[in-house]
Amino acid sequence: MKEENIVDRLMIMYGCDTQAKLAQMMNVTAACISQWRSGVTNVNYVDIIKYAVEKGYNLNWLVTGIGEKKIAFGRRNKNAQENAPSEALQNELNKQKTQTNKLIEHNEKLLDMVVALNAELQNKDKVIERKEKQINRLIEKIGQQS
């Protein structure tokens with residue numbers, strides 16, 4: 001059996017049997033869902049997490065596919081049950097914020113590397129251009145001496 005994708009888990013959570021129905025329920029385009037499935041774009045978890053917490057879905061299962069689908073609140077007191085969704089949502093949002101910040105830092109480092117490489121290539125192009133001019137001058141001198 002193929003590995004479950006986030007889209008498959010969203011379809012389970014929203015109770016959909018097609019990507020088109022999922023797109024309609026989530027108020028996104030079918031193309032957006034296809035891009036999530038293929039990994040071209042990342043899922044925007046903000047609304048999804050709120051819905052998952054309200055319905056009692058395990059955020060770890062939703063995001064990674066690991067663990068039980070649903071969270072059993074057990075015999076906790078009513079106040080703990082009422083606070084659990086907001087605490088779980090806050091924890092997940094904090095994790096997402098941390099991951100987003102790490103990705104931003106990583107992308108900034110990559111951008112710096114690209115800028116540095118581009119500058120290095122431009123310098124090499126200038127050196128090559130000077131060398132070509134020197135070679136052409138030498139060829140002209142040799143041609144004049146013959």
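The shown structure was predicted, so the numbers you read here are calculated from the model rather than taken from an experiment.
- Panel note: side chain K70, backbone K55; a donor-acceptor pair is recorded below 3.5 Å.
- Looking at K95 and L59, their side chains never come closer than 4.5 Å, going by heavy atoms from C-beta outward.
- Pairing each heavy atom of C32 with each of T41, the nearest pair is O-OG1, 4.4 Å.
- With hydrogens and angles disregarded, a donor-acceptor distance shorter than 3.5 Å links the side chain of N5 to the backbone of R37.
- Using a 4.5 Å cut-off on side-chain heavy atoms (C-beta onward), K69 and N58 make no contact.
- Between D8 atom CG and M13 atom CE the span is 13.0 Å, to the nearest 0.5 Å.
- Separation of atoms CD (Q24) and CD1 (I33) is listed at 11.5 Å; rounding is to 0.5 Å.
- For an aromatic pair to be called close, the ring centres must be under 6.0 Å apart, and Y51 with Y14 satisfies this.
- Formation of a donor-acceptor pair under 3.5 Å by the N60 side chain with backbone atoms of I66 is found in this model.
- Across all their heavy atoms, I6 and V63 have their closest contact at CD1-CA, 4.2 Å.
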Derivation and outcome, side chain to side chain contact (heavy atoms under 4.5 Å, CB included), residues L10 and L62: CA-CA 7 Å; L10 288 170; L62 176 62; 3.8 Å; yes

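- Contact annotation: the side chain of W61 never approaches that of E68 to less than 4.5 Å [non-hydrogen atoms, C-beta and beyond].
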Could you go through residues 96-114 and list every donor-acceptor pair under 3.5 Å that involves a side-chain atom there, pairing it with any protein atom two or more places apart or in another chain?
from	atom 1	to	atom 2	distance (Å)
Q96	NE2	E92	OE2	3.3
T98	OG1	N94	O	3.0
T100	OG1	Q96	O	2.7
N101	ND2	K97	O	3.4
N107	ND2	L103	O	3.4

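- From Q90, atom CD reaches atom CD1 of I49 across 10.5 Å, with rounding to the nearest 0.5 Å.
- Listed by first and then second residue, the salt bridge (charged side-chain N to carboxylate O under 4.0 Å, His left out) pairs that reach into residues 10-24 are D17-K21, sequence neighbours excluded.
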Test side chain to side chain contact (heavy atoms under 4.5 Å, CB included) on K50 and E54; report intermediate values, then the result. CA-CA 6 Å; K50 184 175 186 232; E54 287 172 0; 3.5 Å; yes

Step-by-step side chain to side chain contact (heavy atoms under 4.5 Å, CB included) determination, Q19 to W36: CA-CA 11 Å; Q19 286 184 200; W36 290 350; over 6 Å; no

